[in-house]
Number of protein chains: 2
Amino acid sequence: MNERSHLFISTDIRTRITTGEWSPGALMPREIELADEYGCARATINRALQTLADEGLIERKRRAGTRILELPKQHARLEIPIIRHEVEAMGQRYHPNLLLNEERHAPDVIAANLKLRTEQRVLHLQTLHMADDQPFAFEDRWLNIDAVPEVRVAPLDKVSANEWLIRHIPYASGNVSFGAIQADEHVAGLLEAKPGSALFSVERTTWRGEQMITTVQIAYPPGYQLRSAL
Amino acid sequence: MNERSHLFISTDIRTRITTGEWSPGALMPREIELADEYGCARATINRALQTLADEGLIERKRRAGTRILELPKQHARLEIPIIRHEVEAMGQRYHPNLLLNEERHAPDVIAANLKLRTEQRVLHLQTLHMADDQPFAFEDRWLNIDAVPEVRVAPLDKVSANEWLIRHIPYASGNVSFGAIQADEHVAGLLEAKPGSALFSVERTTWRGEQMITTVQIAYPPGYQLRSAL
DNA sequence: CAGTGGTCTAGACCACCAG
DNA sequence: TGGTGGTCTAGACCACTGA
């Protein structure tokens with residue numbers, strides 16, 4: 001087989017699965033048999049099948065062999081872009097409008113979220129992300145100052161906090177959750193929506209090692225949708 | 001090196017990146033050099049680095065070498081479970097409550113969405129997914145009957161349409177979008193929420209080849225969040 | 001306990017593309 | 001155009017686990 005045949009093979013086998021050549025729950029041929037059939041090395045078949053296993057189409061077990069899954073796992077991979085890129089991708093000009101930049105003691109909820117002792121201080125930032133002078137998203141962020149003291153002198157009116165953080169603390173871990181919230185008067189005004197509107201909300205918390213860095217909620221105007229292939 | 005050393009190596013290199021041994025934008029050593037350093041074959045290094053490239057930490061180019069990305073790509077992989085599993089994972093009993101099962105002509109919006117000709121008929125299904133007699137989610141689904149005529153006799157009061165579809169047409173393609181909607185009186189009543197509440201909404205459209213199969217919107221009660229690691 | 005997939009190796013060829 | 005990563009091969013050993 002030629003170069004990239006592992007790609008050809010995984011595509012081919014995917015087709016054979018989706019067209020029903022092997023039924024859900026059935027056992028596939030062994031790697032050696034497939035290698036024989038495709039005229040390639042077992043390692044190549046192995047690579048192709050690993051791809052399909054990652055996709056959730058098949059399940060592989062030592063001794064037991066490779067099985068077509070009865071309920072293929074549905075999954076979506078979401079790229080989480082920095083907002084500037086998202087805006088620029090629409091051909092609009094991006095500008096972060098820093099509304100609040102306040103150093104203070106954290107409210108209990110935030111302190112718990114960032115695993116802070118009560119005496120520690122945090123930076124509270126509110127930013128309205130603008131696309132061509134239209135509001136694009138409202139961001140409410142709490143930042144553990146001890147984790148990134150340099151943020152005090154960051155030009156957050158020019159570079160969004162998120163982008164500044166990614167550049168200064170790249171490769172942080174985190175989690176994310178998506179939900180819906182109702183716009184209060186303040187946020188509704190900023191996003192030019194009616195109070196009580198349903199806003200799509202993304203919450204993220206990131207940390208490095210044991211140290212929590214930031215927790216942020218971003219609210220998008222009514223109608224915003226996050227899309228992905230399945 | 002021992003078995004699974006590619007895993008050890010990718011973990012180790014990830015640490016070396018995050019601890020700043022190589023700065024963002026910098027060039028990493030060549031595969032051969034790393035293979036030498038770790039005392040393994042180049043293929044093993046290659047596998048480890050591919051993992052990191054998939055994660056969006058590094059960028060690899062022939063001739064140019066392997067580079068640490070300046071802005072590591074943030075991404076989340078969402079598993080999209082069938083609702084029954086989601087409910088059962090919480091230790092609750094699942095039951096689909098089929099509220100509407102009607103064969104009719106599609107409204108224009110749906111017909112466009114499913115790429116149907118106007119004379120074609122569709123199945124309109126509304127299901128309230130229950131968890132231990134509490135409403136868990138409300139589903140509004142339109143189904144292209146020509147794509148799956150057998151659905152007319154499916155026991156949709158026992159098996160949710162989604163699960164039935166996955167079993168009968170596994171391995172379909174699709175897309176998904178997340179957003180927020182306001183509960184109208186009907187849905188609010190079903191989900192035991194106030195009218196006008198912000199509901200998290202998931203829309204999916206799936207197809208097989210050129211044929212559209214189904215489009216569905218699922219609304220979750222206020223407070224529901226979809227979580228994922230980053 | 002035997003058969004399967006998981007992994008590693010050493011060597012090879014080649015596509016790509018930056019210099 | 002030469003150096004880099006992408007891929008393949010043939011063979012090997014081993015962990016896991018189902019029969």
Side-chain angles (χ1 to χ4, degrees), chain A residues 1-17 21-70 72-73, chain B residues 1-17 21-73 77:
Chain A
M1 304 292 295
N2 53 0
E3 176 170 344
R4 276 177 187 163
S5 69
H6 76 94
L7 239 168
F8 168 81
I9 292 174
S10 63
T11 304
D12 191 59
I13 294 183
R14 197 181 297 110
T15 307
R16 294 170 73 176
I17 291 176
E21 174 168 339
W22 300 299
S23 29
L27 215 52
M28 284 180 53
R30 290 189 268 302
E31 291 190 348
I32 303 187
E33 291 172 348
L34 289 170
D36 213 46
E37 178 182 341
Y38 283 98
C40 66
R42 181 167 81 93
T44 306
I45 295 293
N46 186 286
R47 195 158 176 355
L49 292 186
Q50 287 225 8
T51 304
L52 300 179
D54 282 346
E55 289 174 9
L57 252 65
I58 61 178
E59 189 183 37
R60 324 191 67 209
K61 270 190 202 158
R62 284 164 161 148
R63 167 74 195 184
T66 299
R67 197 173 285 282
I68 317 289
L69 279 180
E70 304 238 10
K73 290 175 191 159
Chain B
M1 304 292 295
N2 51 2
E3 176 171 344
R4 277 179 186 161
S5 69
H6 76 96
L7 237 168
F8 168 81
I9 292 174
S10 64
T11 304
D12 190 60
I13 293 182
R14 195 181 297 109
T15 307
R16 293 170 75 177
I17 291 176
E21 175 169 340
W22 299 299
S23 28
L27 216 51
M28 284 180 54
R30 291 190 267 305
E31 292 190 346
I32 303 186
E33 291 172 347
L34 288 170
D36 213 46
E37 178 182 343
Y38 284 98
C40 65
R42 180 167 80 94
T44 306
I45 296 293
N46 185 285
R47 195 158 177 352
L49 292 186
Q50 286 225 7
T51 304
L52 299 179
D54 282 346
E55 289 174 10
L57 251 65
I58 60 177
E59 189 183 36
R60 324 191 68 209
K61 271 191 203 157
R62 286 165 160 149
R63 166 75 193 183
T66 300
R67 197 173 286 282
I68 318 288
L69 279 181
E70 305 239 9
L71 293 172
K73 290 175 193 160
R77 181 179 163 134

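Quick note: numbers below take in every heavy atom, side chains included, and nothing from hydrogens, waters or symmetry partners.
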- [ ] Only pairs at least two apart or in different chains count here, so list each salt bridge (charged side-chain N to carboxylate O under 4.0 Å, His left out) that has a residue in residues 46-58 of chain B.
- [x] Arg14(B)-Glu55(B)

TODO: Measure from CG on Leu49(B) to P on dC8(C) and round the result to the nearest Å.
DONE: 13 Å

Open item on the list: On a heavy-atom basis, which atom in Cys40(A) and which in Thr44(A) lie closest, and how many Å separate them?
Closed with: SG-CB, 3.9 Å

Open item on the list: Output the rounded distance in Å from CG (Asp54(B)) to P (dG6(D)).
Closed with: 11 Å

- [ ] Quick one: list whatever passes salt bridge (Lys or Arg N to Asp or Glu O under 4.0 Å) with Glu37(B), sequence neighbours left out.
- [x] Arg16(B)

TODO: Send over the distance from Tyr38(B) OH to dC8(C) P, rounded to a whole Å.
DONE: 13 Å

TODO: Report yes if a side-chain nitrogen or oxygen of Thr44(B) is closer than 4.0 Å to either non-bridging phosphate oxygen (OP1 or OP2) of dT9(C); otherwise report no.
DONE: yes

Pull out every protein N or O sitting under 3.5 Å from an N or O of nucleotides 17-19 of chain D, one pair per line with the distance.
from: dA19(D); atom 1: O4'; to: Arg63(A); atom 2: NH2; distance (Å): 3.4

Task: side chain to side chain contact (heavy atoms under 4.5 Å, CB included) against Ala43(B), all qualifying residues, sequence neighbours excluded - done: none

Task: Ala64(A): side chain to side chain contact (heavy atoms under 4.5 Å, CB included) partners, not counting sequence neighbours - done: Lys61(A)

TODO: Assign Arg47(A) to base, sugar-phosphate, or nothing according to its heavy-atom contacts below 4.0 angstrom with the strands shown.
DONE: sugar-phosphate

Task: Distance, rounded to the nearest Å, where Asn46(B) contributes CG and dT4(D) contributes C1' - done: 11 Å

TODO: Specify the separation, in whole Å, of atom CG of Asp36(B) and atom P of dC8(C).
DONE: 17 Å

Open item on the list: Looking only at the side chain of Arg42(B) (C-beta and beyond, no hydrogens), which of the listed nucleotides dT9(D), dT7(C), dA12(C) gets closest?
Closed with: dA12(C)

Task: Separation of atom CD1 in Ile45(B) from atom P in dT4(D), rounded to whole Å - done: 15 Å

TODO: Check the distance between dG5(D)'s P and Gln50(B)'s CD and give it to me in whole angstrom.
DONE: 12 Å

- [ ] Name all residues meeting the salt bridge (Lys or Arg N to Asp or Glu O under 4.0 Å) criterion together with Arg42(B); count only those two or more places apart in sequence or in a different chain, and write none if there are none.
- [x] Glu31(B)

- [ ] Could you list by number each residue of residues 25-35 of chain A showing a heavy-atom separation from DNA chain D of less than 4.0 Å, or answer none if no residue does?
- [x] none

Open item on the list: Check whether Arg60(B) reaches the backbone of Thr66(B) with its side chain - one donor and one acceptor, N or O, closer than 3.5 Å.
Closed with: no

Open item on the list: Arg30(B): which residues meet the salt bridge (Lys or Arg N to Asp or Glu O under 4.0 Å) condition with it, sequence neighbours left out?
Closed with: Glu33(B)

Open item on the list: Between P on dG5(C) and CG on Leu52(A), what's the gap in Å once rounded to a whole number?
Closed with: 14 Å

Task: salt bridge (Lys or Arg N to Asp or Glu O under 4.0 Å) partners for Arg77(B), two or more places apart - done: Glu79(B)

Open item on the list: It should be established whether Ser5(B) places a side-chain nitrogen or oxygen under 4.0 Å from OP1 or OP2 of nucleotide dC8(C).
Closed with: yes

